[in-house]
There are 2 protein chains.
Amino acid sequence: MPSDDLPVPVFSKPVTLRDVAAQAGVSVATASKALNGQGRMTAETRERIRETARRLGFRPNSLAQSLLRRRSFTVGLLTNDTYGRFSLPLMSGISDALVDNGVSVFLCNVEEDPRLGQMHVDAMLDKRVDGIIATGKRIDRHLPVDLSNLRVPVIYAFTQPDPDAVAFVSDDVGGARLAVEHFCRLGRKRIAHVTGPASFAVVHARVQAYRDVLVENGLTVSEPLLGSWSEAWGHQAVAQLFDGKSERPDAVFCGNDQIARGVIDALRERGLDVPGDIGVIGFDNWEIVAEATRPPLTSIDMNLVALGREAGLTLLSLVGGKPAAPGIRKLPCRLVVRQSCGHPLDG
Amino acid sequence: MPSDDLPVPVFSKPVTLRDVAAQAGVSVATASKALNGQGRMTAETRERIRETARRLGFRPNSLAQSLLRRRSFTVGLLTNDTYGRFSLPLMSGISDALVDNGVSVFLCNVEEDPRLGQMHVDAMLDKRVDGIIATGKRIDRHLPVDLSNLRVPVIYAFTQPDPDAVAFVSDDVGGARLAVEHFCRLGRKRIAHVTGPASFAVVHARVQAYRDVLVENGLTVSEPLLGSWSEAWGHQAVAQLFDGKSERPDAVFCGNDQIARGVIDALRERGLDVPGDIGVIGFDNWEIVAEATRPPLTSIDMNLVALGREAGLTLLSLVGGKPAAPGIRKLPCRLVVRQSCGHPLDG
DNA sequence: TTCATCTGAGAAAAGGTTTTCTCAAACAAT
DNA sequence: ATTGTTTGAGAAAACCTTTTCTCAGATGAA
């Protein structure tokens, strides 16, 4: 027994407003108004049209709507970080903020290629995106694209912004302070800093914060060890720290979680106990690393999902016509305590 | 001295074909034909229109074009893997294939939420995507969306497909064979297998391949150790392998790189040399893990970028009207030799 | 009855492009 | 001089929806 009142799936051509109007015996204008709650008509007419639309499985063609409204409910997301540790949570936050508002996201990877970047920006503009978000894997490098003087609003998230643009980045200085201050609170006295290469702006920012906190707490500042962002460097750094030339640290603040992992492994190999003898704090809170470390790694989380969400929401308000003050907004990091930093020491 | 012949950036409204036509003193129809190389007109007229368009910085409105052509040069990419190890290289390959053909990608994360999934699929269809690609983080699980009987072609990549759909997955059996056969070629005799939980289909597929290769080579098959996908399990597994109850292995094939790393660390802690005493091969070739392992990890790469590219190209040909045989295509893995598997043994 | 107001609904324009159809002018052939 | 063909270019329809304008009929007041 065929059930005639089930919505019939449409296989061939999509059903248009014209179809609905014809079925309901009204004009397309009336049909449109009925479905959008606009215009004046009898409740009976409106309901009949709505019912017809429902029965036919009508869905308005966004292309036609966008063409008319000059608003596509679509934004472009540029990145140069395909495999990225940072851009993924970022993008997750951005998507969250946008899809909740019915906005779709064009994802474009521009690599390091200006030609590719220009191509993508042009394509986005041609497709009439409502706005563009630029994200990257480094806070101190530009994407290889020129986003100044576009016809749509632009937001930068975790990448070097143009002057006078609206941008969101993590507060690296604050994050570094969180880590070092936590060590101070725990009673550690000789806090070392092992971090990445000097070519990164964040390295200098965090080093400065590290120094500041030590001075504020009346502790002696030892020279930070700059290297690469790798586990191998963490190993090496431990060798340097324990070469006997200087006083042994009782805590190490690391520039990222991979370095921290290298440090912890090297310490264990030397028979030193973490956190008993030496506390370790990492940076990035990359769970896959932080949780595999023995003991699990205390780390600084840059709240990238929240940062992305903030960027998305701000873009939407910009698109909606609300102005936003240009400038760089730094969003706070948070300390995620696991076991590698230890408990308060006695005394 | 102002240079009048520089292209003037357009700040306000986008310039339309109508503007170009007016400036060039022709009708929009003629202008359209001139720019698209269609119709008949004097070379002079065509060039004048082209020059005018160039000068005005004209770019056709994709929305209008798509509306008319019923083709948007846009595809939707569904995933349930926001942070994923697997979906990222996959997406990178897909994007590659598509952007080279001028197609933009809507990225949609559907999490595990069928309501969200339906929302995204509807939005894509409303925006008249030319096709949809579904990717996931697991080969043996469906995305929480129904993609059957859509009006556009659908391709599955690295996720459980609907019956009769076109799908691409990695050849896990082949990959496992590559690893175990490599050990055999190197002269290893007692090859163990440490892998993930039984709830994963790939675990069984690889176990079977592992057994087959051992039998084919006349080696004794020891019971594979099933656990979790973590480093910690790798550690534990080594404890089991060396509990003295059974003969010690001289090689371990691991279900992923994290397990392999745990295995190698545990072996080193027991004073065993990798690859001297025991060879280790991982799976996934996650460079960040494989290269940080000491010694660097030999691993099986699933060629996910290539898989993604293949999926993208196939979708395009489907969109172009060329039929594709339904079914699951398995793409080969490859062995990436680093140091943990060792060199051929004497004898 | 006449005028004003209100009501329900359709006609038409707009958004920007592509494509088919039409047409006048120029030219060649008879 | 008449007919047929080619050429260059414009008019108009189409894609689908939204919105403004228009209008006939109904209602109410004078």
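Labels below follow one simple rule: chain letters A, B, ... track the order of the sequence lines, proteins then strands, and each chain is numbered from 1. Only this structure's heavy atoms are used, side chains among them; waters, hydrogens and symmetry mates stay out.
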First and last nucleotide of DNA chain C, 5' to 3', lying under 4.0 Å from heavy atoms of chain A: C/dT7 to C/dG16
Whole-Å gap separating [atom2] ([N]) and [atom1] ([X]):
X	N	atom1	atom2	answer
B/L63	D/dC16	CG	C1'	12 Å
A/L17	D/dT18	CG	P	7 Å
A/K13	D/dA14	NZ	P	17 Å
B/R48	D/dG8	CZ	P	13 Å
A/L67	D/dC16	CG	C1'	9 Å
A/L68	D/dT19	CG	P	7 Å

Derivation of the salt bridge (charged side-chain N to carboxylate O under 4.0 Å, His left out) call for A/R54 and A/E51: CA-CA 5 Å; A/R54 218 172 299 138; A/E51 175 51 30; 2.9 Å; yes
Less than 3.5 Å apart, which donor and acceptor atoms pair up between the side chains of residues 305-322 of chain A and the rest of the protein, not counting sequence neighbours?
| residue | atom | partner | partner atom | Å |
| --- | --- | --- | --- | --- |
| A/R309 | NH2 | A/D96 | OD2 | 3.2 |
| A/T314 | OG1 | A/E310 | O | 2.8 |
| A/S317 | OG | A/T314 | O | 3.3 |

Residues that A/F58 engages under ring-ring contact (aromatic ring centres under 6.0 Å, His included), provided they are two or more places apart: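 Scan of A/F58 (ring-ring contact (aromatic ring centres under 6.0 Å, His included), adjacent residues dropped) gives none.
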ring-ring contact (aromatic ring centres under 6.0 Å, His included) involving A/F158 - partner list, sequence neighbours excluded: A/F86
Proximity to DNA chain D (any heavy atom under 4.0 Å), residues of residues 29-44 of chain B only: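 Heavy-atom contacts with DNA chain D come from B/A29, B/T30, B/K33, B/R40, B/M41, B/T42.
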Angle of first-five versus last-five pair axes in the helix from C/dT1-D/dA30 to C/dT30-D/dA1, to 10 degrees: 70°
Show which side-chain atoms of residues 128-135 of chain A pair as donor or acceptor with protein atoms under 3.5 Å away, not counting sequence neighbours.
| residue | atom | partner | partner atom | Å |
| --- | --- | --- | --- | --- |
| A/R128 | NH1 | A/L125 | O | 3.0 |
| A/R128 | NH1 | A/D126 | O | 3.4 |
| A/D130 | OD1 | A/S72 | N | 2.8 |
| A/D130 | OD1 | A/S72 | OG | 3.4 |
| A/D130 | OD2 | A/R71 | NH1 | 2.4 |
| A/D130 | OD2 | A/F73 | N | 2.7 |
| A/D130 | OD2 | A/T74 | N | 3.4 |
| A/T135 | OG1 | A/L78 | O | 3.4 |

Residue mapping more 5' on DNA chain D - nearest nucleotide basis, B/R46 or A/F58: B/R46
For [X], give me all partners under side chain to side chain donor-acceptor pair (under 3.5 Å), at least two apart in sequence or on another chain.
X	result
B/D100	none
B/S66	none
B/N101	none
B/S32	B/N36

Set of salt bridge (Lys or Arg N to Asp or Glu O under 4.0 Å) partners for A/E111, sequence neighbours left out: none
Phosphate OP1/OP2 of D/dA9: any B/T45 side-chain N/O under 4.0 Å: yes
Expected output: side-chain A/S95 to main-chain A/M91 donor-acceptor under 3.5 Å: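 Checked: pair present.
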